[in-house]
Each structure stands twice: as structure tokens, then as C-alpha cells.
> 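Before I ask anything, let me first share the structure, which is written out below as C-alpha cells.
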Amino acid sequence: MRLSRYFLPILRETPKEAEIASHRLMLRAGLLRQQAAGIYSWLPLGLRVLNKITTIVREEQNRSGAVELLMPTIQSAELWRESGRYDAYGKEMLRIRDRHDREMLYGPTNEEMITDIFRAYVRSYKDLPLNLYHLQWKFRDEIRPRFGTMRSREFLMKDAYSFDLDQEGARHSYNKMFVAYLRTFARLGLKSIPMRADTGPIGGDLSHEFIILAATGESEVFCHRDVLDTPIPPADTDFDDVAHLQSIVDKWTSVYAATSEMHDEAAFAAIPDDKKVSARGIEVGHIFYFGTKYSEPMKATVTGPDGHERPVHMGSYGIGPSRLVAAIIEASHDEAGIVWPDPVAPFDVALLNLKPGDSATDDACGHLYRALGLRGRDVLYDDRDERPGAKFATADLIGVPWQILVGPRSLSEGKVEVKRRATGERELLSIEDAVVRVAG
RNA sequence: CGGGGCAUAGCGCAGUCUGGUAGCGCAUCUGCUUUGGGAGCAGAGGGUCGCAGGUUCAAAUCCUGCUGCCCCGACCA
């Protein structure tokens with residue numbers, strides 16, 4: 001992509017409404033535009049990051065055996081009356097009426113609807129276990145949205161729902177998501193910590209929040225330092241191996257880690273002082289087992305091996321990709337701007353032509369642009385008629401992991417400069433070596 | 001929902017107290033010079049001062065109502 005033909009409205013000054021780093025940088029780097037309180041447009045660069053994240057989320061959901069579908073944003077109130085949540089949910093739910101005066105709502109979550117889909121088709125225990133998920137925009141009319149997409153009213157959520165014959169099966173489904181989440185966040189370049197969590201109004205008795213540590217996090221969290229070094233399950237983990245998955249979850253949950261709501265002072269006090277971590281965290285995922293809370297009132301039943309019908313045991317599992325964009329920035333930025341982890345970066349390489357119009361730099365950039373493109377790299381080519389300083393500032397701000405600086409100075413020796421955004425390390429390389437360095 | 005604040009050019013702000021030609025910086029456009037860490041000079045364009053009503057010879061400024069947004073607190077991916 002040539003920057004001169006792209007749509008990247010970067011801001012030199014910080015809009016006054018932005019308090020925290022991620023919000024400030026998302027506005028400055030042209031990722032986001034606010035349209036109303038807690039409601040945002042995703043500009044091209046922001047959308048690229050969001051898509052990178054959802055791709056990884058999907059890959060790990062699919063790997064664990066979950067199956068993707070897509071449910072609508074608008075739901076009918078009728079369904080929510082069946083579960084009893086239409087009245088219970090309160091003002092957070094955006095209620096609307098259609099032209100026939102039918103009561104509708106903009107979905108804040110999809111337990112009812114997925115249960116309706118399940119009960120319409122599934123009759124036998126032989127079709128279990130089943131885990132269905134989708135990625136869809138949600139709306140929760142928060143009292144006070146803030147911090148950009150960290151807490152917005154409209155947000156993208158990956159929500160998965162598991163169905164099992166009994167609690168034992170549901171436990172395994174829960175463990176699958178537990179492992180999938182560990183892998184997902186690790187692949188996004190984040191160190192996530194599963195923490196015992198309150199189940200809240202959603203019900204049930206088994207729940208973990210996945211927290212990443214960041215100074216601007218909204219929750220206060222406590223954990224044993226060792227949890228930060230627990231190994232992430234590998235890609236070839238067998239998700240059908242019940243005992244193995246349980247052992248992974250046991251290893252992670254045997255180390256103390258809890259949010260302030262679930263904090264146990266005595267247990268924390270027993271940890272050696274040098275292993276105590278008391279910090280702030282951002283919740284990026286939340287998993288629940290809630291048994292038959294919805295299947296019972298909504299009559300989602302299957303016939304078991306004994307010929308008896310019984311309500312299925314369910315769990316739900318949420319990740320907020322739109323929040324993750326902000327969370328990743330909170331965890332990875334510096335004075336100059338965003339520092340994207342490679343897997344989620346909007347582009348792989350920023351190619352800076354420091355003297356556009358000069359035939360030597362133009363030719364070298366053209367060559368690099370094509371060579372990297374052929375190797376499958378997304379390159380943002382800064383071909384604007386700007387001074388070098390402005391290009392450096394832009395490249396640093398938008399945080400693309402690799403920068404290739406092409407100017408007359410190094411080019412006179414037949415070299416270009418390859419800079420790593422995260423560390424600031426620079427190498428003078430020939431054009432061919434630069435391609436290999438960046439594209440592997 | 002309680003408390004506090006803001007609304008003036010695309011962005012950041014001054015002007016409001018004490019009514020009288022709507023300003024500054026950045027950005028944008030044109031020209032020339034410049035070109036390795038957000039260039040310089042010269043010129044230009046861009047505003048129903050959030051909306052509605054009122055007071056006044058005269059309102060960005062005073063009064064009333066409304067709307068939007070932000071911050072602090074209790075809830076949430």
C-alpha cells in the first residue's frame with residue numbers, strides 16, 4: 001500500500017477527550033473515530049488490526065473444536081422473556097421497537113438465542129459435545145463508557161457456547177476453552193493470567209477471567225509470580241485428551257491468582273514476598289460454566305443413553321477483540337507511539353522513501369516494495385512528499401514492527417537501513433539482505 | 001444515577017468576568033527554497049461561536065431552556 005493513496009488520518013495533537021495511552025494513540029494514529037459516547041468507527045489501520053486479532057481468535061477457536069456460525073445483532077424480546085432475563089437485565093440492554101410495535105433489543109450477549117438454535121435441532125446425546133461460537137457486535141448501554149474501545153457501548157465479541165450431557169462433559173468443554181484462550185492471548189503477544197472470578201449475574205459456579213497486567217488496568221489483581229512463567233500449551237495439544245487438558249488447567253489454577261472480588265488475603269499472605277504480585281489488570285476474556293440455567297427454562301434437552309430427556313449443561317466463553325486492540329496498546333507502546341507485536345501489526349513493514357523524486361531512492365523502494373510483496377509481506381510504502389523527520393515520526397507512531405529507511409546517504413554505499421520498532425536496533429544492509437532480514 | 005467541567009475553523013486553544021470589526025498555533029491550498037528525526041519564507045482559503053428562545057441600538061460574551069461530550073464514584077467482554 002502506498003501511503004500517498006491510503007487513508008491514514010494521523011493527528012499531531014492529542015484530542016482532549018483521550019485520557020489513557022491506548023485511547024490517545026488510537027486517535028492519533030488514525031485507527032479510530034468516535035461517533036457518539038462509546039461508539040466508534042474503525043478507520044482502515046484500526047480495522048486491519050482488528051481483523052488480525054479476529055483471525056487468530058478464530059484459528060484457536062477452530063483448533064479447539066468450536067464451530068463458527070453467525071447470529072444477528074437484533075433479537076426479539078420474546079426469547080429473553082423465556083429465560084427471565086428481559087426484566088432482569090436492566091437498563092444496560094438497549095430496547096427498541098419495530099414498526100409493528102414489537103419489542104426488540106440490540107443483543108448484549110447471545111445465551112438465549114444460541115439455546116434456541118440448539119433446541120431446534122439437537123435431540124440426542126450422540127450429537128454432544130457441541131461448541132458453537134460467533135463474532136458479532138454487541139451493545140451494552142454502559143452508564144459511563146470511557147477509555148475508547150477499552151470500555152465502549154458497542155463492541156465486538158467472540159462468544160462461544162458449549163453444550164454437554166452432564167457436568168463432567170461440561171468441565172472438559174470448559175477446559176478446552178481455557179487452553180484455547182491461553183494460546184490465543186499468547187499468540188497476540190500478551191501474557192494473560194487466568195484468575196478465579198465471580199460468576200456475576202450470568203450464574204453458575206465455575207468461572208475464570210483472563211487478565212493481562214497493565215498499569216492502566218481497571219481491575220486490581222493479585223497473583224503468584226510463577227504464574228507468569230507457566231508454559232503455554234503447544235499448537236499440537238490434543239483437545240480430546242480429557243486427562244491431559246485437565247492437567248494443564250490444574251497446573252495453571254494451582255498457583256494463586258485472583259481479582260479483587262475473589263481475593264483471599266490469607267492465601268495471598270502465605271506467598272513468599274518476592275513472589276507476590278499485586279498489580280492492575282485488564283480483563284480480555286471471561287469463561288463460565290453455568291449448568292442448566294438457560295437449558296432448563298428454555299427446554300433445551302437431549303435424550304441420554306438411558307432414554308431419558310435431560311437439560312444440557314452449558315458454558316459461555318467471551319473474548320472482546322475490540323477491547324484487545326486497546327489492551328495490546330496499553331501493554332505495548334512508548335513515547336513515540338504504538339509498538340505492535342508482529343502477529344497483530346496492521347502492516348509488517350514500513351518502507352520509508354526519504355527522498356521521493358530521487359531516481360535512486362525511488363528505484364530501490366520500488367524494488368523492495370515488489371520483492372517484499374512477493375514474499376507475502378504487507379508493506380506500507382511512505383512515498384509522500386514529506387521530509388524524513390515527518391516520516392520517522394509517522395512510522396514510529398503507527399508502530400509497524402519493521403522499518404526500512406531508504407535515503408541517499410546509505411544508498412550511496414548500496415545499503416538501506418533496517419530498523420526494528422520495538423528495540424530501535426538498526427542494521428545497514430544491502431537491498432537483498434534487507435528483504436531476507438524482514439521477510440525471512 | 002449523584003458530583004464536577006467543557007462546547008469558538010479539521011485538531012489544540014485565547015476571547016466571555018467588564019456586550020461593540022472573531023483571533024492564535026498546528027493542519028490545508030499556491031509559489032519558491034529545503035530534504036536522515038514532525039523545515040523556512042511569502043501568499044491564500046476555511047466560522048450560522050452546539051441548538052432554541054429572551055434582554056439590548058448591538059450578544060461568542062448577559063438571562064432561560066435544551067442537546068452533545070468529557071472527568072470522578074457505584075456495575076461490566
Side-chain angles (χ1 to χ4, degrees), chain A residues 9-20 23-24 27-28 30 33-39 53 57 89-93 107-110 135-160 181 185 197-202 207-212 218-219 259 261 282-288 316-327 335-337 352-358 361 382 384-397 403 405-412 415-417 419 424 426 428:
Chain A
I10 63 170
L11 271 35
R12 241 174 120 149
E13 281 169 288
T14 306
K16 61 180 169 183
E17 72 265 20
E19 274 289 298
I20 61 170
H23 191 195
R24 208 162 53 226
L27 294 171
R28 284 239 293 133
R33 174 170 177 79
Q34 179 168 337
Q35 306 290 173
I39 299 178
I53 292 172
V57 168
Y89 215 92
K91 287 191 162 181
E92 246 187 40
M93 184 153 73
T109 179
N110 284 63
L135 278 135
Q136 180 62 285
W137 293 91
K138 303 294 189 287
F139 193 91
R140 294 183 189 172
D141 203 353
E142 298 277 349
I143 296 166
R144 187 152 86 84
R146 59 185 130 171
F147 304 144
T149 62
M150 190 83 94
R151 176 176 312 189
S152 49
R153 292 195 294 171
E154 188 186 53
F155 60 96
L156 186 59
M157 182 157 88
K158 185 287 299 176
D159 38 327
Y181 275 33
F185 297 125
D198 195 0
T199 53
I202 207 161
S207 175
H208 284 88
E209 286 181 10
F210 286 74
I211 302 278
I212 62 161
E218 290 198 85
S219 356
T259 60
E261 300 94 65
I282 301 169
E283 181 184 352
V284 290
H286 202 158
I287 61 179
F288 298 92
S316 80
Y317 314 91
I319 291 180
S322 50
R323 169 182 283 188
L324 271 167
V325 177
E335 283 302 303
L352 277 51
N353 188 340
L354 300 183
K355 192 169 183 180
D358 177 290
T361 60
D382 192 344
R384 296 173 303 166
D385 185 23
E386 289 283 349
R387 296 166 60 85
K391 299 192 176 191
F392 298 142
T394 298
D396 287 349
L397 175 64
Q403 295 174 13
L405 283 42
V406 182
R409 203 169 76 187
S410 50
L411 211 52
S412 63
K415 300 278 176 76
V416 295
E417 204 169 333
K419 177 185 157 187
R426 296 150 182 268
L428 266 180

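Throughout, a chain's letter reflects where its sequence line sits, starting with A, and its residues are numbered from 1.
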> Describe the nucleic acid contact of A/Ser152 in one word from base, sugar-phosphate, nothing, applying a heavy-atom distance below 4.0 Å.
base
> Identify the nucleotide, in any strand shown, that forms a Watson-Crick or G-U wobble pair with B/G12, with both distances under 3.5 Å; if there is none, say none.
B/C24
> Between atom CD1 in A/Ile53 and atom P in B/A77, what is the gap in whole Å?
18 Å
> Suppose you measure atom C1' in B/G47 against the same atom in B/G15; what distance do you get, rounded to whole Å?
15 Å
> If we take the C1' atom in both B/C41 and B/G23, what is their distance in whole Å?
23 Å
> Which base sits across from B/A39 as a Watson-Crick or G-U pair, both distances under 3.5 Å?
B/U33
> With rounding to whole Å, what would you report as the distance between B/G2 and B/U56 at their P atoms?
36 Å
> Once rounded to the nearest 0.5 Å, what's the spacing between atom CD1 of A/Ile319 and atom CG of A/Asp159?
10.5 Å
> Can you check the distance between B/G12 and B/C70, where both ends of the measurement are the P atom (answer in whole Å)?
13 Å
> Specify the residue among A/Ser322 and A/Thr14 whose closest nucleotide of RNA chain B lies further upstream toward the 5′ end.
A/Thr14
> Provide the Watson-Crick or G-U wobble partner of B/G68, both distances under 3.5 Å; none if there is no partner.
B/C6
> With a 3.5 angstrom cut-off on both distances, give the Watson-Crick or G-U wobble partner of B/U61, or none if there isn't one.
none
> Measure from CZ on A/Phe210 to P on B/C76 and round the result to the nearest Å.
19 Å
> If you round to the nearest 0.5 Å, how far is CG of A/Leu411 from CG of A/Leu405?
12.0 Å
> Rounded to the nearest 0.5 Å, what's the gap from CG on A/Asn110 to CD on A/Gln136? Could you check?
7.5 Å
> Name all residues meeting the ring-ring contact (aromatic ring centres under 6.0 Å, His included) criterion together with A/Phe210; count only those two or more places apart in sequence or in a different chain, and write none if there are none.
A/Phe178, A/Tyr181, A/Phe185
> What does A/Lys91 touch in the nucleic acid at a heavy-atom separation under 4.0 angstrom: a base, only the sugar-phosphate, or nothing?
sugar-phosphate
> OP1 or OP2 of B/C71 versus the side-chain N and O atoms of A/Arg144: is any pair under 4.0 Å?
yes
> Both A/Arg323 and A/Ala37 contact RNA chain B. Which one's nearest nucleotide lies toward the 5' end?
A/Ala37
> Quick one: A/Ile20 CD1 to B/C72 P, roughly how many Å, whole number?
10 Å
> Which base, if any, makes a Watson-Crick or G-U wobble pair with B/C17, both distances under 3.5 Å?
none
> B/A74 pairs with which nucleotide, Watson-Crick or G-U wobble, both distances below 3.5 Å?
none
> How long is the span from the OG1 atom in A/Thr361 to the CG atom in A/Leu352, to the nearest 0.5 Å?
11.5 Å
> Considering only the P atoms, how many Å lie between B/G53 and B/U16, rounded to the nearest integer?
26 Å
> Base, backbone or nothing for each nucleotide of nucleotides 28-47 of chain B, written B, S, -, heavy atoms under 4.0 angstrom, 5' to 3'?
------BSBBBB--------
> For a quick check of understanding: with a heavy-atom distance under 4.0 Å over all strands, which category does A/Glu283 fall into, base, sugar-phosphate or nothing?
sugar-phosphate
> Could you please spell out the steps behind the salt bridge (Lys or Arg N to Asp or Glu O under 4.0 Å) verdict for A/Lys391 and A/Glu386?
CA-CA 7 Å; A/Lys391 299 192 176 191; A/Glu386 289 283 349; over 6 Å; no
> Identify the nucleotide, in any strand shown, that forms a Watson-Crick or G-U wobble pair with B/G46, with both distances under 3.5 Å; if there is none, say none.
none
> Please report the distance separating the C1' of B/G5 from the corresponding atom of B/A77, rounded so that it comes out in whole Å.
30 Å
> Output the rounded distance in Å from NE2 (A/His286) to P (B/C76).
9 Å
> Taking atom C1' in both B/C26 and B/A9, what distance in whole Å separates the two?
12 Å
> A/Glu142 has an atom CD; how far is it from atom P of B/G73, in whole Å?
15 Å
> Tell me: CD of A/Glu92 to C1' of B/C76, nearest whole Å?
5 Å
> Rounded to the nearest angstrom, tell me the gap between atom CD1 in A/Ile39 and atom C1' in B/G68.
13 Å
> Would you call A/Asp396 and A/Lys419 a side-chain contact if the rule is heavy atoms closer than 4.5 Å?
yes
> Using OP1 and OP2 only, check whether a side-chain N or O of A/Arg146 sits under 4.0 Å from B/G73.
yes
> Within the 4.0 Å heavy-atom criterion, would you say A/Glu13 contacts the bases, only the backbone, or no part of the nucleic acid?
base
> Give, for atom CD of A/Gln34 and atom CG of A/Leu27, the distance between the pair rounded to the nearest 0.5 Å.
8.0 Å
> Going from CD on A/Glu209 to CD1 on A/Ile282, what distance comes out if it is rounded to the nearest 0.5 angstrom?
12.5 Å
> Reckon A/Lys16 touches a base, only the sugar-phosphate, or nothing at all at heavy-atom distances under 4.0 Å?
sugar-phosphate
> Ignoring backbone atoms, establish whether A/Gln34 has a side-chain N or O less than 4.0 Å from OP1 or OP2 of B/G68.
no
> Can you give me the closest heavy-atom contact between A/Arg323 and A/Glu283, atom names plus distance?
NH1-O, 2.7 Å
> Just how far, in rounded Å, is C1' of B/G10 from CZ of A/Arg33?
9 Å
> When you compare B/A44 with B/C24, how far apart are their P atoms, in angstrom units rounded to a whole number?
12 Å
